[in-house]
Amino acid sequence: MPDRQYRAPSAEEAVNQFTRMLEVQPLTGDEEAHVDDRFLAPVFEQAFWRVFGGQVLAQGARAAMQTVEAERAIHSVHGYFLRPGDSTKPIELQVERLRDGGSFSARRCQAYQEGKPILSMIASFQRPSPGPAHQSAMPANIPAPEELAAPEELVGHVKHPVVQEWGRGRPFEIRHVDRPVYLEADRHRRPTSAAWMRTRTALPDDPAVHRAALLYASDYLPFEPIMRQHGLYWAKPGLKLASLDHALWWHRDARADEWLLFVMDSPSTQSARGLSQGSVFSADGALVATFAQEGMVRPPQGMRPRIAETVQRVGARPPREVNEKYAAAWRSRYMES
């Protein structure tokens with residue numbers, strides 16, 4: 001945790017900070033001498049000491065974008081999280097130009113802190129090309145985001161800095177289609193989850209920024225289908241979660257400052273590892289992206305976490321009026337349609 005007191009930023013501050021975070025700065029680069037391109041990625045104050053995985057993924061993608069012709073859009077990323085990053089220390093990015101073909105380009109990006117790698121990923125880019133097209137349909141019976149609870153309604157009453165960041169400090173607003181699992185487990189166990197997301201204020205018009213923003217947001221929720229199936233929740237004392245790897249495929253351009261629907265399921269969890277996969281749809285039903293992530297999931301063991309959980313429950317659950325207001329929307333059966 002940072003030494004100084006965390007203050008949740010306003011919506012404008014959070015999104016301005018987010019866009020500045022995506023502005024990675026070139027340090028060196030000499031393609032003819034075969035020297036890797038190097039960039040400095042900004043960090044910013046947050047409630048938890050560990051760098052959010054979506055941040056370093058998005059920053060790595062933005063660095064790789066600067067080494068590719070503008071007409072070639074990023075279409076896939078595959079990355080491994082190697083160490084937890086420190087949100088108070090600068091991140092250096094190194095981009096290796098693997099290939100530039102007639103239509104595709106490939107880049108390897110490594111993220112370092114204090115000389116140690118925290119992320120290794122490969123990104124692929126493509127010049128737009130004609131070809132066949134089809135897509136999966138967006139699930140029916142999805143409540144509109146306006147029918148669902150804003151995060152501050154759910155957790156705004158909890159004064160813990162990390163919970164305040166969930167409710168007010170994130171650059172993205174998340175509206176859960178299912179009963180949220182911030183402070184308590186879902187009452188209906190199933191390995192599925194869905195939520196609407198968008199940035200809290202407008203982003204620049206650059207499509208590359210919106211692709212990086214979507215990559216960032218795709219790391220928010222992959223644990224939730226696993227948590228719902230196994231009666232877990234984000235604030236559960238002693239719960240240990242860590243992203244291991246992440247992949248995303250962009251299918252179409254979309255604005256990250258307009259509502260996007262994330263629909264996820266978990267096909268398997270075993271050996272303290274859980275796999276989730278998801279689809280991202282625009283509000284008009286276009287399939288924007290597909291993603292997958294495996295993460296470490298270690299439920300708490302022993303009596304101490306149980307005692308802490310009992311103490312924590314006092315005053316931590318969402319207000320009764322919030323549960324009553326959104327209960328009907330949270331009972332949506334979108335996966336059964």
Side-chain angles (χ1 to χ4, degrees), residues 1-22 42-56 58 85 87-88 143-184 193-203 209 212-214 216-224 227 233-237 239 241 255-262 312-326 329-330:
M1 299 278 287
D3 293 335
R4 57 186 181 276
Q5 187 70 27
Y6 172 77
R7 179 189 68 83
S10 67
E12 291 75 15
E13 290 172 335
V15 177
N16 287 340
Q17 181 176 262
F18 175 68
T19 55
R20 292 197 304 272
M21 181 208 78
L22 296 178
V43 294
F44 55 90
E45 182 183 8
Q46 55 191 62
F48 191 50
W49 69 271
R50 196 164 65 186
V51 173
F52 174 55
Q55 171 186 331
V56 68
S87 65
T88 66
E146 295 76 18
E147 301 174 49
L148 301 166
E152 57 267 26
E153 292 181 83
L154 300 166
V155 299
H157 60 291
V158 180
K159 302 306 179 186
H160 191 283
V162 172
V163 182
Q164 285 291 302
E165 185 173 78
W166 295 344
R168 297 186 172 91
R170 286 172 164 171
F172 280 80
E173 180 177 356
I174 303 174
R175 298 204 174 196
H176 286 84
V177 174
D178 310 274
R179 185 179 298 275
V181 289
Y182 292 118
L183 306 175
E184 58 183 347
S193 192
W196 292 96
M197 275 196 272
R198 69 176 178 186
T199 56
R200 297 169 70 195
T201 63
L203 293 175
V209 170
L214 175 56
Y216 178 100
S218 69
D219 190 41
Y220 273 134
L221 302 178
F223 281 110
E224 293 203 351
M227 296 164 73
Y233 58 98
W234 289 107
K236 189 176 182 66
L239 175 64
L241 304 170
R255 295 192 66 95
D257 52 9
E258 297 177 354
W259 287 116
L260 297 173
L261 176 68
F262 289 68
Q312 176 181 282
R313 283 176 182 162
V314 179
R317 290 179 174 173
R320 178 179 296 178
E321 58 270 21
V322 173
N323 279 318
E324 293 175 351
K325 181 178 180 181
Y326 298 106
W330 288 336

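Between the CZ atom of R200 and the CG atom of N16 there is a distance of 11.5 Å, given to the nearest 0.5 Å. The distance from atom CZ of R255 to atom CZ of R198, rounded to the nearest 0.5 Å, is 12.0 Å. Taken from NE2 in H176 to CH2 in W196, the straight-line distance is 14.0 Å, to the nearest 0.5 Å. Atom CH2 of W330 sits about 10.0 Å away from atom NZ of K325, to the nearest 0.5 Å. To the nearest 0.5 Å, atom CE of residue M197 and atom OG of residue S218 are 8.0 Å apart.
Note on residues 159-171: no pairs pass salt bridge (Lys or Arg N to Asp or Glu O under 4.0 Å), not counting sequence neighbours.
A heavy-atom distance below 4.5 Å is found between the side chains of L154 and V322. When side chains are defined from C-beta on, P143 counts as touching V177, because their heavy atoms get closer than 4.5 Å. The shortest distance between side-chain heavy atoms of V43 and S87 does not fall below 4.5 Å. Using a 4.5 Å heavy-atom cutoff, the side chains of F18 and L203 are in contact. In this structure, F172 and Y220 have side chains that are in contact, with non-hydrogen atoms separated by less than 4.5 Å. When side chains are defined from C-beta on, E173 does not count as touching T199, because their heavy atoms never get closer than 4.5 Å.
Considering all non-hydrogen atoms of both residues, T201 and D257 come closest at O-CB, 3.9 Å. Nearest approach of L183 to A235, heavy atoms of both residues: CD2-CB, 4.2 Å. The two residues Q164 and G156 have their closest heavy-atom pair at NE2-O, 3.2 Å. In terms of heavy-atom proximity, A58 sits nearest to A212 at CB-O, 3.5 Å. Here the closest heavy-atom approach between residue P161 and residue A47 is recorded as O-CB, 3.4 Å. Heavy atoms only, all atoms of each residue included: I174 and P151 are closest at O-CD, 3.4 Å.
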* **Audit row: D219, Q55, side-chain contact (heavy atoms from CB on, under 4.5 Å) steps and yes/no** => CA-CA 9 Å; D219 190 41; Q55 171 186 331; over 6 Å; no
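The ring of F52 has its center closer than 6.0 angstrom to the ring center of Y216.
E13 is linked by a salt bridge (Lys or Arg N to Asp or Glu O under 4.0 Å) to R7, counting only residues two or more places apart in sequence or in another chain.
Between the side chains of E224 and W234, at least one donor-acceptor pair of N or O atoms lies under 3.5 Å. Side chains of E153 and Y326: a donor on one and an acceptor on the other come within 3.5 Å.
Remark: the backbone N or O of G85 is not paired with any side-chain donor or acceptor of R50 at under 3.5 angstrom.
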